[in-house]
There are 2 protein chains.
Amino acid sequence: MTTPAGPADTAAVRRHNLALVLRYVAAHGPCARTEIAGATGLVHASVTGLATELIERGLVREVGSAATGGRGRPRRLLQLVPERVMAIAVQVTLERLEVTAADLDGTAVHRASAVHRAPFGDPEPLAAAIAREIKLAADAVREVDGAYLSGAVIAMAGPVTGPGHTIAAAIDFGWPAQTDLRGLVAAHLPDLGCPLDVVNDANCAALAEYHAHGAARELPDTVAYIKADTGVGGGLLIGGRIHTGSTGLAGEAGHIPIDLDGPPCACGARGCLALAIGPEPLTAAAGLADLAARDGIDAALAELDRRLALGDPHAVAALADAGRSLGAAILAISGLTGAAEIILGGYLAGWCDRLTPGIDTTLAGRRAVAPHLGFAITPGLLGPAATLTGALLTTREATLADPTSVPPV
Amino acid sequence: MTTPAGPADTAAVRRHNLALVLRYVAAHGPCARTEIAGATGLVHASVTGLATELIERGLVREVGSAATGGRGRPRRLLQLVPERVMAIAVQVTLERLEVTAADLDGTAVHRASAVHRAPFGDPEPLAAAIAREIKLAADAVREVDGAYLSGAVIAMAGPVTGPGHTIAAAIDFGWPAQTDLRGLVAAHLPDLGCPLDVVNDANCAALAEYHAHGAARELPDTVAYIKADTGVGGGLLIGGRIHTGSTGLAGEAGHIPIDLDGPPCACGARGCLALAIGPEPLTAAAGLADLAARDGIDAALAELDRRLALGDPHAVAALADAGRSLGAAILAISGLTGAAEIILGGYLAGWCDRLTPGIDTTLAGRRAVAPHLGFAITPGLLGPAATLTGALLTTREATLADPTSVPPV
DNA sequence: TCAAATATTGCAAGAGTTGAAAAAATAACT
DNA sequence: AGTTATTTTTTCAACTCTTGCAATATTTGA
């Protein structure tokens with residue numbers, strides 16, 4: 001069962017078992033009650049009752065029958081009704097708001113992209129803009145017949161701590177410590193009628209990649225994710241759930257030191273990973289500093305990508321060097337978190353082949369001593385959409401964990 | 001409630017609520033049913049029933065009354081019966097077995113220390129020796145009237161993975177990968193009558209320090225532990241429980257790289273933390289390499305301790321230098337795990353003051369940029385006994401989590 | 001001695017799961 | 001065409017657990 005601090009009662013049992021059945025149906029497509037009973041350990045009679053309640057809540061529907069091959073009553077198949085539950089996700093970057101409202105399958109019913117101008121140091125205008133977008137998305141959801149709005153999630157950079165979801169530090173926006181972005185946005189949405197959460201953007205991406213990989217094969221209990229795009233971030237997944245840690249920074253690999261006497265970093269420390277694999281240092285190492293200064297970092301990254309495709313030795317060497325540093329970070333991540341799988345996202349995914357030689361250089365010695373090193377390194381499957389997808393998944397998880405949060409019919 | 005994969009029923013509810021009450025009684029000394037009801041959220045009537053069952057299982061007893069001050073029926077106080085449940089812990093080091101059988105309070109009823117000679121590469125003789133010691137300890141427990149043997153735990157170096165508790169690698173003993181030490185020992189103990197587990201020794205120490213600190217004040221959700229004595233190890237605690245990770249190595253800080261181009265380590269990588277704060281490098285840095293070679297590492301550490309007490313500049317500088325490296329590791333640990341508290345154990349605890357200057361050197365820049373850094377560094381409160389204490393705590397946790405594992409009367 | 005106050009326990013009601021029996025629905029057989 | 005075997009699903013009584021309310025127990029203060 002879920003692990004609340006408080007007492008348990010029969011309602012908690014019901015919640016747990018409803019979640020058990022709903023999760024099975026969601027994961028294993030159309031399936032019969034008998035199959036669910038066999039797989040979950042529940043008794044047939046219980047599955048009947050649980051399925052009935054899920055149907056009443058509109059989360060599951062019967063979808064025809066399927067003869068089992070031999071004789072006997074045919075199975076009546078149950079299927080998830082993804083469009084029953086919708087969630088809203090807002091990704092906040094320095095210049096834009098990306099908004100999606102989608103159902104449990106991730107099928108979007110509303111998309112928006114808005115430019116915002118957030119004055120340095122004052123979160124209020126941005127909060128108002130976010131609230132405006134959420135309101136539009138919520139209106140779009142309400143247009144859909146029978147859809148239940150389960151939650152809205154704001155994904156943005158910076159550590160998010162505690163149950164209050166306050167943002168410990170948003171350096172790029174210059175906000176004061178412990179800014180209660182959720183509270184500021186919620187103040188504009190008095191009748192939103194669903195939970196509003198703030199989560200770290202890299203953690204969202206980590207969750208999305210975890211699900212993407214987990215669909216194809218069994219994943220280990222502890223999985224780490226590192227991404228680099230406009231910055232370096234990451235996330236840590238334990239038992240399929242985001243682990244934020246007490247600092248809200250768990251898995252944020254960008255500012256771990258890998259070089260004791262390395263160059264100073266803007267974070268105040270020295271030799272951070274971000275100085276080795278971040279976009280500015282990486283393009284600079286490939287001789288593209290001037291281009292980055294003139295046309296912006298995106299142009300420089302695009303040029304680096306072009307040169308890598310052409311096999312430019314300077315660019316290839318820069319990636320190999322970054323790989324060496326990344327290898328050290330991977331050793332630290334696996335050692336400290338116990339992650340048995342490390343997923344690379346952002347441009348690390350696309351350039352994985354170019355990074356591998358450097359990574360191997362760092363890991364070769366350890367691999368020789370400990371042949372089955374205990375962890376795998378895999379490129380991410382999702383592109384930039386990972387963040388929004390992951391934000392939607394957080395509310396999907398909440399719905400699957402407590403189906404009683406969705407009202408009947 | 002605890003979170004098993006399977007279905008939940010009313011028995012699970014009972015287990016959860018029994019654990020809730022037992023945990024409260026164990027943590028908050030003698031207390032009345034009313035107090036328990038108020039603190040846990042259970043209703044008075046439920047507490048009555050739950051307390052009755054705990055009394056029947058011998059885990060709790062009534063211990064007099066206490067007038068509440070004003071008028072009214074006095075409170076009947078309930079108290080944990082620590083001696084009801086005993087556990088056995090065996091700590092395995094290269095030369096010795098240290099054994100303790102103790103009750104829920106950690107009060108020992110049996111202690112033993114045995115020299116063993118484990119042939120390199122063959123775990124069987126050591127398994128036999130461990131089984132012998134466990135048998136003696138179990139006999140001692142059976143002497144105690146009314147005591148229930150809840151479990152036996154073997155604490156030893158090396159990563160312990162999966163539900164099978166196999167030892168992925170025991171380099172010091174030269175065992176093959178995935179050695180099933182638990183199985184080997186259990187084969188000698190066909191009628192032990194209690195669970196037998198193998199856990200990582202540093203993880204045990206981490207758990208013990210967590211409890212020691214937590215007794216005095218509220219601890220954050222995620223806490224990390226690093227220790228150095230004969231080697232460098234550590235552990236990661238999430239929600240008060242050991243997180244082993246999928247590799248079984250979570251929190252093992254000894255072989256995270258902090259210096260990309262540092263010296264090669266026996267683990268195969270370069271610039272590992274163990275090369276900076278491990279006993280051999282540390283004594284060598286203080287100019288005690290010859291002494292270590294001649295009289296052993298313990299003698300060299302003792303001499304280092306003496307010189308530190310005298311303020312020997314060479315020794316002090318060595319500690320400061322180690323502190324710099326430790327600071328880098330601490331940044332990595334906090335960043336990756338989200339730990340808001342990092343506990344230093346082994347000689348790191350005793351020499352904490354001497355390490356602090358170096359740690360501060362590394363952290364100063366970060367502290368300047370992020371004033372409330374988000375984590376605290378504290379010395380451990382327990383000495384070498386931490387490992388055995390922690391091993392006992394793992395079974396204590398199991399008992400508190402499922403009081404129905406203890407039979408009636 | 002009596003009333004007030006507080007702690008604990010009994011008891012019926014409500015909700016959940018379970019196991020066995022009954023009902024439903026189809027294929028195979030005669 | 002009718003019947004039987006087989007498989008799936010539902011119904012129903014039994015049991016356990018928490019809950020809320022009323023009853024009981026026990027002490028203090030007047």
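Below, read A as the first sequence line, B as the second, and so on, with proteins coming before strands; counting in each chain starts at 1.
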Applying side-chain contact (heavy atoms from CB on, under 4.5 Å), name anything that partners [X], two or more places apart in sequence or on another chain.
| X | result |
| --- | --- |
| Thr40(B) | Leu20(B), Tyr24(B), Ile36(B), Leu42(B) |
| Ala137(A) | Ile88(A), Val99(A), Ala101(A), His110(A) |
| Ala32(A) | Arg75(A), Leu77(A) |

Side chains of Thr389(A) and His211(A): is there a donor and an acceptor less than 3.5 Å apart? no
(request) Give me the first and last nucleotide of DNA chain D, going 5' to 3', that has any atom under 4.0 Å from a heavy atom of chain B. (result)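 First and last nucleotides in contact are dT16(D) to dG29(D).
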Residues 19-28 of chain A vs salt bridge (Lys or Arg N to Asp or Glu O under 4.0 Å), sequence neighbours excluded, gives Arg23(A)-Glu397(A)
Q. According to the salt bridge (Lys or Arg N to Asp or Glu O under 4.0 Å) rule, which pairs have a member within residues 56-71 of chain B, sequence neighbours left out?
A.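 Applying salt bridge (Lys or Arg N to Asp or Glu O under 4.0 Å) to every pair that reaches into residues 56-71 of chain B, excluding sequence neighbours, yields Arg33(B)-Glu62(B), Glu53(B)-Arg57(B), Arg61(B)-Glu83(B), Glu62(B)-Arg76(B).
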Margin query: List the residues meeting side chain to side chain donor-acceptor pair (under 3.5 Å) with Asn203(B), not counting sequence neighbours, and say none if there are none.
Written below: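 Expected list: none.
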Do any N or O atoms from the side chain of His213(A) and from the backbone of Glu209(A) form a donor-acceptor pair under 3.5 angstrom? yes
**Prompt:** Under 3.5 Å, side chain of His44(A) to main-chain N/O of Gly38(A), donor-acceptor pair present?
**Reply:** no
| message | Do Leu237(A) and Ile242(A) make a side-chain contact, defined as non-hydrogen atoms from C-beta onward lying under 4.5 Å apart? | response | yes
If you define the side chain from C-beta out and look only at heavy atoms, does anything of Ile134(A) sit under 4.5 Å from Leu196(A)?
yes
Which residues within residues 26-41 of chain A lie with some heavy atom under 4.0 Å of an atom in DNA chain C?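 Close to the strand, none.
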- Task: Tell me which nucleotide among dT9(C), dA28(C), dA5(C) gets nearest to the side chain of Arg71(A).
- Result: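 The nucleotide sitting nearest to the side chain is dA28(C).
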Bend of the helix from dT1(C)-dA30(D) to dT30(C)-dA1(D) from end-axis comparison, five pairs per end, nearest 10°, comes to 30°
Worksheet entry | Qualifying side chain to side chain donor-acceptor pair (under 3.5 Å) pairs, either residue in residues 400-409 of chain A, two or more places apart |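 Output for this query lists Asp402(A)-Thr404(A).
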Check salt bridge (Lys or Arg N to Asp or Glu O under 4.0 Å) between Asp197(A) and all other residues, then give those that pass, not counting sequence neighbours.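 Checked Asp197(A) against salt bridge (Lys or Arg N to Asp or Glu O under 4.0 Å); matches are Arg182(A).
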For this session: Ignoring backbone atoms, establish whether Arg75(B) has a side-chain N or O less than 4.0 Å from OP1 or OP2 of dA7(C).
Result: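 Yes, such a contact exists.
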Whole Å only: how far is the CG atom of Leu78(B) from the C1' atom of dT8(C)?
->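 Taking CG of Leu78(B) and C1' of dT8(C), I get 11 Å after rounding.
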Comparing nearest nucleotides in DNA chain C, the 5'-proximal residue of the pair Ala45(A), Gly72(A) is Ala45(A)
Sort me out a list of protein N/O and nucleotides 12-17 of chain C N/O pairs below 3.5 Å, or just none if empty.
from    : atom 1 : to       : atom 2 : distance (Å)
dT17(C) : OP1    : Asn17(A) : ND2    : 2.9
dT17(C) : OP2    : Arg14(A) : NH1    : 2.5

